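What you are looking at is a predicted structure, and each value in this text was computed from that prediction instead of being measured.
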Amino acid sequence: MTEKILKEAAAATGGLFAVDSAEGPSEIVYENGEFRIGVCGGTLLVKGLDESRTDIVALVAGLLAADAAEEQELHALGDLLGCAVPLEEAVVSCVRAGISDIPRVVFLVQSVRAIDNIPEPDDLGEAFTEDAGDLIYPVDPGSFVIAKRSGEDFDPKAFAGMIADTMMTEIMISVRVSYSRVTGGLFGLREAYEQAKKAMRTLAISDRGDVTLGFSDRGFGGLVAEADTGTCLEFIEEYYEDRLLPGMDESLTHAASKFLRNSLNISETARDLYMHRNTFIYQLDKIEKITGLNLRNFNDAMTYRLLSMADRRLNDEDRERI
């Protein structure tokens, strides 16, 4: 961004802007046909402008200083969210960077498809970080974090839905959005980020078709998402010796998921699927014949859901992204 500011300034004014590595003066100095001003830990050299253009030099210097402050904030926030720097040290860096110590909710936004790259945070900031104290941090090309200031009237679930809708309508990228509990301040941001990541892992194996999920809403899906592959395989093996779920076509899988979402209500599910009640009952019988589980029975329905999530956990190609 610093290089961009200098290039645009040079093009607009006809001057030559460069940042020297040496420490410069704190005030603007004009000597031997060039301006010199200390900024960004070095000296801003401006050639090709007459002495009357102090306003242009001061403007560029201000932009560079703001750019340096933004980079310092991003670096400090990255240290706080990661685990490489001790928590106390990372919090001190955030305070020095001017990051306020206020309650926040951490949102993790990730593209559904790994090949979809999300725009730079600068292009997204106005849409999602409009309040003082809001922070945004790029994790990788396909995901970013928002640490949103929390207040009495703030609804994390509604905000997560707004993020997903905006990303689809404005940028045409389908995303999943997970979020943490409310933090107590800077010392809680690292833990909150871990909560958002756990919620994202649960969301990735969910059979409900949701695109948003909070850490407190993970249910038993959170246990499956955090289970190791050996535990998942052992659980599946209890029901199927070859450790593979019996194959069902997409229509039956969709019908089973809809039935679970509708709390095992046959009539409501039949209406949602635009089919006769008896036709849906026939599908349930077919699912029982294939899986050996009667989804009309609560215990069998929960077993089917756990098996499905365990299977998705084993085949989750995006797990390394989280």
* To do: Output yes when a side-chain donor or acceptor of Thr291 lies under 3.5 Å from a complementary backbone atom of Leu293, and no otherwise.
  => yes

* Asked: Under the salt bridge (charged side-chain N to carboxylate O under 4.0 Å, His left out) rule, what pairs show up with a residue in residues 276-293, not counting sequence neighbours?
  -> Asp285-Arg296, Glu288-Arg296

* Among side-chain atoms of Asp249 and Ser251, is any donor-acceptor pair under 3.5 angstrom? -> yes

* Hey, are Ser143 and Asp140 close enough side-chain-wise for a donor-acceptor pair under 3.5 Å? -> yes

* Just wondering, do Val109 and Val145 contact through their side chains at under 4.5 Å, heavy atoms? -> no

* Keeping to residues at least two apart or across chains, list the salt bridge (charged side-chain N to carboxylate O under 4.0 Å, His left out) pairs with something in residues 142-151. => Asp131-Lys148, Asp134-Lys148

* Got a sec, which residues hit side-chain hydrogen bond (donor to acceptor under 3.5 Å, both in side chains) with Glu191, two or more places apart in sequence or on another chain? -> none

* **CG on Leu223 to OG1 on Thr231, rounded to 0.5 Å** => 11.0 Å

* Asked: Hey, are Glu226 and Arg201 close enough for a salt bridge, meaning a charged N less than 4.0 Å from a carboxylate O?
  -> yes

* To do: Look at atom CZ of Phe220 and say whether more than 12 heavy atoms of other residues, nucleotides or ligands are closer to it than 6.0 Å.
  => yes

* Between Asn262 and Thr269, does any side-chain donor sit less than 3.5 Å from a side-chain acceptor? -> yes

* Polar side-chain atom of Ser178 near backbone of Ala196 as donor-acceptor pair, under 3.5 Å -> yes

* So, are Glu268 and Arg271 salt-bridged, with charged N and O less than 4.0 Å apart? -> no

* **Close side-chain approach of Arg104 and Val182, heavy atoms under 4.5 Å** => no

* Asked: Cation-pi between Lys157 and Phe159: NZ/CZ under 6.0 Å from ring centre and within 45° of the ring axis?
  -> no

* Residue pair Val95 / Asp101, side-chain heavy-atom distance below 4.5 Å -> no

* To do: Could you grab the distance from atom OG1 of Thr253 to atom CD1 of Ile287, nearest 0.5 Å is fine?
  => 7.5 Å

* Short side-chain to backbone donor-acceptor contact, Arg313 and Ala227, under 3.5 Å -> yes

* Should Thr183 and Val105 count as side-chain neighbours, where that means a heavy-atom distance under 4.5 Å? -> no

* Distance (rounded to the nearest 0.5 Å) between Asn265 CG and Leu260 CG -> 12.5 Å

* Asked: Between Ser150 (side chain) and Pro103 (backbone), is there a donor-acceptor pair under 3.5 Å?
  -> no

* Test item: Gln195 side-chain N/O and Arg181 main-chain N/O as donor-acceptor pair under 3.5 Å -> yes

* **Minimum heavy-atom distance Ala192-Val106, with the two atoms named** => CB-CG2, 3.6 Å

* Is there a donor-acceptor pair closer than 3.5 Å between any side-chain N or O of Tyr239 and the backbone N or O of Gly292? -> no

* **Value rounded to 0.5 Å, distance of CG in Leu186 from CG in Leu87** => 9.5 Å

* Gap separating the OH atom of Tyr193 from the CG atom of Leu77, nearest 0.5 angstrom -> 10.0 Å

* **From Ile205 atom CD1 to Met309 atom CE, the distance as rounded to the nearest 0.5 Å** => 5.5 Å

* Asked: Does the Arg190 side chain pair with the main chain of Asp79, one donor and one acceptor, at a distance under 3.5 Å?
  -> yes

* Asked: With a 4.5 Å limit on heavy-atom distance, are the side chains of Arg176 and Thr212 in contact?
  -> no

* Sub-6.0 Å ring centroid separation between Phe280 and Phe259 -> yes

* Asked: Judged by atom type as modelled, is there a donor-acceptor pair below 3.5 Å linking the side chain of Thr202 to the main-chain atoms of Lys198?
  -> yes

* Tyr179 vs Phe107 aromatic rings, parallel, tilted or perpendicular, using cut-offs 30° and 60°? -> tilted

